[in-house]
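Here's the structure we're looking at; comments come further down.
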There are 2 protein chains.
Amino acid sequence: MISIGQLSKRTGVKIPTIRYYEQMGLIDAPERSVGNQRRYTKEGLSRLSFIRHSRELGFPLEDIRELLELSQHPEKPCGDAHGIANRHLNDVRDRIAKLTRLEGELKRIADCDSDNVAACAVIETLADHKLCETEH
Amino acid sequence: MISIGQLSKRTGVKIPTIRYYEQMGLIDAPERSVGNQRRYTKEGLSRLSFIRHSRELGFPLEDIRELLELSQHPEKPCGDAHGIANRHLNDVRDRIAKLTRLEGELKRIADCDSDNVAACAVIETLADHKLCETEH
DNA sequence: TATAATCCCTCTAGTAGCTATAGATACAAG
DNA sequence: CTTGTATCTATAGCTACTAGAGGGATTATA
């Protein structure tokens, strides 16, 4: 039986965030102490770790809700879980591709060595899309 | 003198978003038609394009506000603009690095070919951080 | 046992950057 | 003149939290 503060320290999830997850129904409302403070068990800890980990991997809360549900039913086929992970993987790849193009763009405009705004590539590029080297 | 709908089509910025930018003070309130509809000039168009482009490059609105301000004063030194772009470039590089690690992780867990949840790597990995190959 | 330091409670409101909705009005084409 | 589309304002909602106010609970030390 640990307090919310200890749970927070062990999982790295901030206290208000834990309460927020409870409110959103991602974790069960835990038992309370005599003085009405939350007291968590090992189950609470592992469930929150699952959530934390999934969030680090960038899954939105709604997906995590599904994944948690799936994880409670070990006999089910796991195609759904794969679907979610694959969908997210595609998303991540898209984002990497976009950001990589962006990096090139930004490097180019940040390298400008003029010394006033009139001749500055940063401003000029932002103002005129046609100067861009890549699509975005 | 073009309507908000035409402005939207030409810049690719949605109508409610244009109004939102006006409300946030990023673009000036334009003239109105007799019937109180917004009518934009070429200046409005280019300012909104600047914003659009900057957003595509991922700048937050507050940075764009500064960049717009700078672009109005061509005689100023452009060190500030470079600062903003460089700060953002670092940010983008961080995000790429994180997402790339993440991609590896996701690929690994999405490749699982077991057929029920009990033995599924997706679920297992999410539940147990120690199975991860990389830091995140 | 008293007290101070720390922890925790609920509730409300705020963040970024939009997006959606409702109900009313304006405008353009035929 | 009618019909259909475009636009108006105002308000509420979205994700995933975060911050603050005003109070009570728990724990460590004197």
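Both backbone and side-chain heavy atoms feed into the values below; hydrogens, waters and symmetry mates do not. Because the structure is a prediction, the values reported are computed rather than measured. Per chain, numbering begins at 1; letters A, B, ... match sequence-line order.
Summarising the geometry of A:P30 relative to A:E22, their closest heavy-atom pair is CD-OE1, 3.5 Å, with the distance given to 0.1 Å. The minimum heavy-atom distance between B:L7 and B:T11, with the atom names listed, is O-OG1, 2.8 Å. Here the closest non-hydrogen pair linking B:I27 and B:R47 is CA-NE, 4.0 Å. The shortest non-hydrogen separation linking A:Y40 to A:R38 is OH-CD, 3.1 Å. Across every non-hydrogen atom of A:I15 and A:I4, the tightest pair is CG2-CD1, 3.8 Å. Nearest heavy atom pair, residue B:V13 against residue B:Y21, reads CG1-CE1, 4.1 Å.
The distance between atom CD1 of A:I18 and atom C1' of C:dC7, rounded to the nearest whole Å, is 13 Å. Per the geometry, CD belonging to B:E62 stands 11 Å off P belonging to C:dT15, to the nearest Å. A:E22 has its CD atom 12 Å from the P atom of C:dC11, to the nearest Å. Residue A:Q6 contributes atom CD, which lies 13 Å from atom C1' of C:dT6 at whole-angstrom precision. The CD atom of B:Q23 sits 13 Å away from the C1' atom of C:dA16 (whole-angstrom rounding). B:K14 has its NZ atom 13 Å from the P atom of C:dT21, to the nearest Å. Following rounding to the nearest Å, B:M24 (CE) and C:dG17 (P) show an atom-to-atom distance of 10 Å.
Taking 4.0 angstrom as the limit, B:Y21 places a side-chain polar atom (N or O) nearer than this to OP1 or OP2 of C:dC18. Taking side-chain N and O atoms only, A:R38 has no distance below 4.0 Å to OP1 or OP2 of C:dC8.
Inter-residue side-chain proximity for A:I18 and A:S8 is flagged as met; some heavy-atom pair is nearer than 4.5 Å.
The environment of CZ in B:R87 is crowded: more than 12 heavy-atom neighbours from other residues, nucleotides or ligands sit within 6.0 Å.
Protein chain A touches strand DNA chain D; the 5'-most and 3'-most nucleotides with an atom under 4.0 angstrom of its non-hydrogen atoms are D:dA16 to D:dT26.
At a threshold of 4.0 angstrom between heavy atoms, the contacts of B:R19 include nucleobase atoms, whether or not backbone atoms are also involved.
Tracing side-chain contacts under 4.5 Å through hydrophobic residues (I, L, V, M, F, W, Y), one never reaches A:M1 starting from A:L45; they form parts of separate clusters.
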Fill in: B/S/- contact track for nucleotides 22-30 of chain C, protein heavy atom under 4.0 Å
----SS---
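Projected onto DNA chain D by closest heavy-atom contact, B:I15 and A:P16 fall at different nucleotides, the more 5' of which corresponds to B:I15.
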